[in-house]
Protein chains: 2
Amino acid sequence: MAVRDPAMTDVARLAGVSHQTVSRVLNGHPNVREQTRLRVQAAIAELGYRPNRAARALVTGRSQVIGVVAQNTTLYGPASLLAALEQAAAESGFAVSVGSVRDLDHRSISAVVERHLAHRVAGIVVIAPVESAGEALERLPKDVPLVTVDGDPHRPMPLVTVDQAAGARAATQHLLDAGHPTVWHVSGPSDWFDSAGRIEGWREALTAAGAEVPPLVPADWSAAAGYRCGQMLARMPDVTAVFTANDHLALGVLRALHEHGRRVPDDISVVGFDDVPEAAYFIPPLTTVRPDFGAVARASLEMLLTQIESVSGGALRETVAPTLVARRSVAPPPRR
Amino acid sequence: MAVRDPAMTDVARLAGVSHQTVSRVLNGHPNVREQTRLRVQAAIAELGYRPNRAARALVTGRSQVIGVVAQNTTLYGPASLLAALEQAAAESGFAVSVGSVRDLDHRSISAVVERHLAHRVAGIVVIAPVESAGEALERLPKDVPLVTVDGDPHRPMPLVTVDQAAGARAATQHLLDAGHPTVWHVSGPSDWFDSAGRIEGWREALTAAGAEVPPLVPADWSAAAGYRCGQMLARMPDVTAVFTANDHLALGVLRALHEHGRRVPDDISVVGFDDVPEAAYFIPPLTTVRPDFGAVARASLEMLLTQIESVSGGALRETVAPTLVARRSVAPPPRR
DNA sequence: ACGCGCTCTGTTAGCGGTCACACTCGCCGT
DNA sequence: ACGGCGAGTGTGACCGCTAACAGAGCGCGT
């Protein structure tokens, strides 16, 4: 029942100018007399005028919105990334429209991308950490700026990603440096690139050090899986160091070891990945690897903006190095 | 350098009809001959036509987008809520635009709300769990459908919220039922309504049972704070049961107790709130209270939709009851 | 005096949809 | 035979904004 929102013409009438002049004031166009500008601004304030982005989007062909495609925004990593992305976008004057997707298969992804395209978003960020997303993305319309985050490093798409391998190498090396003969790895789900990268880094560090590479212990991202794997590892007397693909797995491992009477770090050392806020309060405080989600978000946005503004140019690939956070879950191996 | 996206007139020309008929097909208008409908659909498919939501939003005055205002989407609760909201919205054909805000003060909130209004969103959901948000909201334009989640129960705004007090009562009662003479409470930040509700429920359960009400232990939502409070509680021999305002606090308490050699649940029982996925893998597995974020999201959306569709009517307030999840962190108090 | 260029402002034509309305049929009742 | 009606379709006017161009007024060189 509300009256129509004031439009540009209303402001123009009140200020005694044409709507075009109002538009110029709004867009910071230079050739407007100071006095006119002030009159217009006063009229805007008086009417509580709010430019209609939809109209602007219609005539310019693009809206100041960035579409995000994400899978599970409840996991710590994706949630942090999303928050960081939103903040970075806001700083550049963009809004963020999220499209969650249950599975990262072609159908789901392109459905959400279609929705975003229907809104004429300025660009799209896809958080595409699994294999299935890669192929889906290649079949997308090419005429919209697009950046993938945590995606497939082997595909020719603009990509920003955490340097998983570097993080894993640092974690593994840290354990080797403490004196452990080798390091076991509880990995994330096999179709995630994050998992793959962390496995790769772990393996590299071991072989570079001439250490034996123990069999991989595959899991998913859950504490439950970590617990199951931990129960197994706890029974193997020669295991002295474990690197888990994330902190939640580490939590599960920690509990399994605890229940089996194996002390951390005295008997076994554990390192995680992600540095969730609680990691410092695990029993014991967890040594882990911290990715810089803010940096990833900023890099993604920057890459997107260069695509939006220019026809081409700018880096197509960016990796952000994570840092090791040493806490109390690592110690030298026990003497035999 | 892409050519202009096909528009309705292009489809119309190809199908040999008027743009209006295309519009009718798109909107499922009844009076279109089957044969015409098929011709139009074929043309749509052939051109890869995608209706322009911006144009539609312009002429109808509202876009099929729901704006969300949220503070810290990294915390488990808000993140889950956001995800659930996005899913519920998608099921109703709405997109979700997130506006994060650093502080929930008037300036920040109204800035984000302005942004949403500029996009002519169909409605706004504000996740407003703190005091400062309440007053900010009352000063907002009244002509847009708005629902607050986790907001101030004492303000006359459409509100959907978890029944914090009920959850807290259940948690406290559970501990009393186990035989504990009383229950201590480590609370969340004092300006959060979630905290207030949980404190209230805890107090109610104690007084209803005729138990002594111990002094409140105030904290924030972090494991760090839980740890500090836990260190204090660990030193007090008569503390046998602790209810923490969330699971992260419980984690911190658990570690402090562990370090002080006080066993859980043998010496002290602990109950949390939220049921984060890892809670089952704390040491020991944490008894906690699980809010149903999906239900909250669905209720919020439904409330918003009735506001959007009709002039008024529909409930203005809805609470969804959380459920207690019993695990191993609770046991009868030790014998003296 | 004149024309040129600059600054500032107004006019007009869309952008791609929806809405209100008009129109053409074929069918029915009387 | 004729008016009325409903189904199916087309026409034109907008929604609120931006882009392109036109025009007014002024200072300046010649």
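Chain identifiers are assigned alphabetically (A, B, ...) following the order of the sequence lines, protein sequences preceding nucleic acid strands; residue numbering begins at 1 within each chain.
Of all nucleotides in DNA chain D, those with any atom nearer than 4.0 Å to a heavy atom of chain A start and finish, going 5' to 3', at D:dG16 to D:dA20.
In this structure, B:Asp10 atom CG and C:dG17 atom C1' are separated by 13 Å, rounded to whole Å.
Between A:Arg298 and A:Glu318 there is no salt bridge, since none of the side-chain N atoms of the basic residue sits less than 4.0 Å from a carboxylate O of the acidic one. Using a 4.0 Å cut-off between a side-chain N of Lys or Arg and a carboxylate O of Asp or Glu, A:Glu34 and A:Arg39 do not qualify as a salt bridge. Under the 4.0 Å criterion applied to side-chain N and carboxylate O atoms, A:Glu86 and B:Arg115 are assigned as salt-bridge partners.
To the nearest 0.5 Å, atom NE2 of residue B:His19 and atom CE of residue B:Met8 are 8.5 Å apart. A distance of 9.0 Å separates CG of B:Leu26 from CD of B:Gln41, quoted to the nearest 0.5 Å. The CG atom of B:Asp150 lies 6.5 Å from the CG atom of B:Leu81; values are rounded to the nearest 0.5 Å. Put simply, CG on A:Leu47 and CG on A:Asp5 are 11.0 Å apart, with the number rounded to the nearest 0.5 Å. Summarising the geometry, atom CG belonging to B:Leu117 is positioned 10.5 Å from atom NE2 belonging to B:His119; distances are rounded to the nearest 0.5 Å.
Taking every heavy atom of residues 43-60 of chain B and every atom of DNA chain D, pairs under 4.0 Å involve B:Leu58, B:Val59, by number. Of the residues in residues 20-42 of chain A, those lying under 4.0 Å from DNA chain D by heavy-atom distance are A:Gln20, A:Ser23, A:Asn27.
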Worked check of side chain to side chain contact (heavy atoms under 4.5 Å, CB included) between B:Thr148 and B:Leu137: CA-CA 9 Å; B:Thr148 62; B:Leu137 291 174; 3.4 Å; yes
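When side chains are defined from C-beta on, B:Ser300 counts as touching B:Leu85, because their heavy atoms get closer than 4.5 Å.
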